[in-house]
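Source: prediction; values computed, not measured. All chains are named by letter (A, B, ...) in the order of the sequence lines, taking the proteins before the strands, and each is independently numbered beginning at 1. The figures here come from the full heavy-atom set of this structure, side chains too, leaving out hydrogens, waters and symmetry mates.
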Amino acid sequence: MGEKDTAARRRWIADALAEFGDALTRYTARLLGDGDRARDVVQEAFVRLCRQDPDNLDGRVGPWLFTVCRNRALDIRRHEGRVEIQGGTALAAAASGDPSPPAAAMNAEQGRRLLALLDTLSERQQEIVRLRFGQGFSYRQIAEVTGLTVGNVGFQIHTAVKSLREKMTENER
Amino acid sequence: MNCSEVNDNLTAWVLDELEAERWAAVRDHLAGCKACRREERAFRETAEQLTDALAAEPPVELGDKHRALIERAADAHPVPPRTFRFPFWRGVAVGAAAAGLLLGAVAVLLTQTLFELRPSSDMAAGESGVYSTMRQVVDAFENYGGESPAVTSISPPPGRIPPAAEEPLEMAENLPPVHNTESYAYIADNRFLGALDNPLSTFSIDVDTASYSNVRRFLREGRLPPPDAVRIEELVNYFDFDYPNPGEELPLSASIEIAGCPWNLQNRLVRIGLKGREVAADARPDTNLVFLLDVSGSMQAANKLPLVKESLRMLVAELGERDRVAIVVYASASGQVLPSTPGSEKATILSAIDRLSAGGSTAGGAGIQLAYKVAADNFIRGGVNRVILCTDGDFNVGVTDNGQLVRLIQEKAAGGVFLTVLGYGRGNVKDDRMEQLADRGNGNYAYIDTEKEARKALVEQLSGTLVTVAKDVKLQVEFNPAQVNAYRLLGYENRLLADEDFNNDAADAGELGAGHTVTALYEVVPPGVPVPPDPLVAARRRTVELRIKAIADVLATERLTDADRAAYQRDLEKLRAEREELDEQMPAEPAVDPLRYQGEPSLTQAAQSGEMLTVKIRYKEPDAQTSKLVDFPAADGGRTYAEASGDFKFAASVAAFGMVLRDSGYKGTSSFEMVKELADEGKGDDPHGYRSEFIKLIDQAMKAPRRQ
């Protein structure tokens, strides 16, 4: 192990940390309903990432980290016999955001409604929607994280988007 | 593409997830269709709103402390990972120098414990003190060769070295598998349950064997299957065992054998075997079969549609004039390609089979509706009415709601049309989904990967596949606490029922086909023998213990600000509470002396009978609505494993194989070598060669590269 390897590895981890650290924490906190434990899970995932060969994970570090956190979080939930996750806390916090200019206020209001509707979807659909629109993962990456087929991911996203759109229009009436 | 098909693809279009051909079709349609363009704008708008809304959600930040520690971990793992097997601990243990031992402990604390060692709140005040403590630990870890004062400041006294140095980082290693799109539901092993507190164990039988074929596929490809693809009960139930035929009055028999447990010498292994009444081929009731074939583009591969066609040809050869066959296909559109035709008109059926070809996208929903309609139109009262779905399971487009589909299947099963699902293909197997459909349809699910497997499901076990002799078959085992300390059911994790559901005829359960055998194994801990702890609980317990020790050390040796000290105290209390909780989940040590003034509470006289357990079985006749109950008590004759029957050994071998493949925390001394030894002993006559094939699979598993 040369100094060069150490430096390269440190940079590799630092880059992954900068890119995914907060996003992973948010994602895991959703699954666990608990930010503190989510941080521990995320940390554990990164520690495990430190033991991986960068070449093996070339280009898939993000999905890999999400998969590890997801499995760990599901383990914990499963172990606690908890099936449903606690939702809505993030939503409540969103409502107390900074005051926004009027044009943005309209959007913020819409966004809040959309998030509230998102909470009514199945947990799986919520998760997939968040990975796609919150995280910007492709269908294939989402398939990798969730273990679904790419086709099924597309189907779930389509169903979710369609139902969100319909509910938004209903609300407007 | 018409408007509805375009609509189905609009989300993927907006997100640029369509492959070239479909992308072009959507583009061309949009160019000429104003309504769809309006739709497209709406989809785009929703997508943008979603992106904005999610971006505006308040962040949950990882936080600087976790970040700092992760960065430190990156520095601490500079070894090329392929060969990285915790050289720190090894080196330390071998060195055995006093400083080395201390550092071993520090190292464990660092990666496993101190990462979590942070006051849970109020970090703002006096944070530097806490942080500097962790820095010291980290520094000590990094400079472990040197005489760092930090080492002495937090090192545990001699004799308190945590045993974790021997078993570093025992985290559940759920590393993502090599990328594929197969999906398996998560399985957590059943736990040991105390016979006094949980005397009843209730589950539905499962005659599915798909997991075995699937595991075999992985092993033949030279790799180990993902743990959740291994369902122990499906591996065991792949094999037929020589259970006695039931008498005249019952549709099923039960036989119970108890002997030593090969992977845990102190324990006993109980094998419960059911066998459905055999029905000779000529006594088979009239059948009305509707094949529902997936002919979408994904079925083109040689091991899919061509194998489906071959399977059908084999089956047709077995049918006669009292049988009827229809074929419905589904892809982008669904349709009937063969109206219900007597089984004697083989040429008509075979030529319809030959004309089948794959193409288009899947719309499973409409096809299923049509298949059920054809089955209903040709319903044979008192006969076998069954839809046989052949698919790779990749239903995507067009099924509006999975729940709706499941309800439809359930409803049709109640009306007497059952569903069999045959899974084909590889790399895209939707195992959990196909099984779910079959379960709800009072049916069975088999995975077909070779002509041999098709022959097993559709020819050798034709009666079993088609003729149900008992439905909603449930088992409830009552354990006698006088003979059993604790028990664990091997497999059947997704078939467990609430104890009250045993007597609830509305609660659905598995079907037993003619001549089918079903096997369930329990590992039983005799009285006076300690119960192996739940591996997850035990691992967490160890972590908690380490954290408690680490915090106690910090509190005892560090000069802390009041805020830090209070925060550590709170954490310590939380951890102690958790430890107490975990201890309650850990099996009690049987070390308590017998009470002088109090006997065993509330055991009935039957408990003194020497019986170990009673197997109660509830089932319904195929056309009945109310269930019948039979029970079979059994005593432990004290047989050793060596004295057990060949079938018993073989079943134990298959279950142990499953545990090793799943890397279960309950596998005890099981290893591939042991599995092989047991299988060899239990192989017996093996008329169809299935058991020899299993033994070959063990060799393949030994050769496959280990999981990370």
Between [Y] and [X], does any NZ, NE, NH1 or NH2 come within less than 4.0 Å of an OD or OE carboxylate oxygen?
| X | Y | value |
| --- | --- | --- |
| Glu39(B) | Lys162(A) | no |
| Glu57(B) | Arg30(A) | yes |
| Lys574(B) | Asp36(A) | no |

Interchain contact, [X] with chain B, by part (heavy-atom threshold 4.5 Å):
| X | answer |
| --- | --- |
| Arg130(A) | both |
| Val129(A) | both |
| Leu114(A) | side chain |
| Leu118(A) | side chain |

Within a radius of less than 6.0 Å around CZ of Arg541(B), do more than 12 heavy atoms belonging to other residues, nucleotides or ligands occur?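 Atom CZ in Arg541(B) is crowded, with more than 12 foreign heavy atoms closer than 6.0 Å.
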
Which atoms of Asp16(B) come close to chain A, meaning under 4.5 Å heavy atom to heavy atom: side chain ones, backbone ones, both, or neither?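 Neither the backbone nor the side chain of Asp16(B) comes within 4.5 Å of chain A.
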
Over all atoms of both residues, closest heavy-atom pair of Leu62(B) and Arg39(A):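 Closest approach of Leu62(B) to Arg39(A), heavy atoms only: O-CD, 3.1 Å.
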
Closest heavy-atom contact between Leu115(A) and Ala53(B)?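 Scanning both residues completely, I find the closest heavy atoms to be CD1-O, 3.8 Å.
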
With a 6.0 Å cut-off on ring centres, are His158(A) and Phe43(B) close enough?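 For His158(A) and Phe43(B), the ring centres are under 6.0 Å apart.
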
Interatomic spacing from [atom1] in [X] to [atom2] in [Y] - rounded to 0.5 Å:
| X | Y | atom1 | atom2 | value |
| --- | --- | --- | --- | --- |
| Asp40(A) | His66(B) | CG | NE2 | 4.5 Å |
| Arg44(B) | Arg165(A) | CZ | CZ | 13.0 Å |
| Thr11(B) | Gln156(A) | OG1 | CD | 12.0 Å |
| Gln43(A) | Arg67(B) | CD | CZ | 11.5 Å |
| Phe133(A) | Leu54(B) | CZ | CG | 8.5 Å |
| Leu50(B) | Met168(A) | CG | CE | 8.5 Å |

Checking side chain to side chain contact (heavy atoms under 4.5 Å, CB included) for the pair Thr25(A)/Glu61(B): CA distance, chi angles, key distance, verdict? CA-CA 6 Å; Thr25(A) 312; Glu61(B) 277 161 11; over 6 Å; no

Is there side-chain contact between Asp8(B) and Phe155(A), with at least one heavy-atom pair below 4.5 Å?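 No - every pair of side-chain heavy atoms lies 4.5 Å or more apart.
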
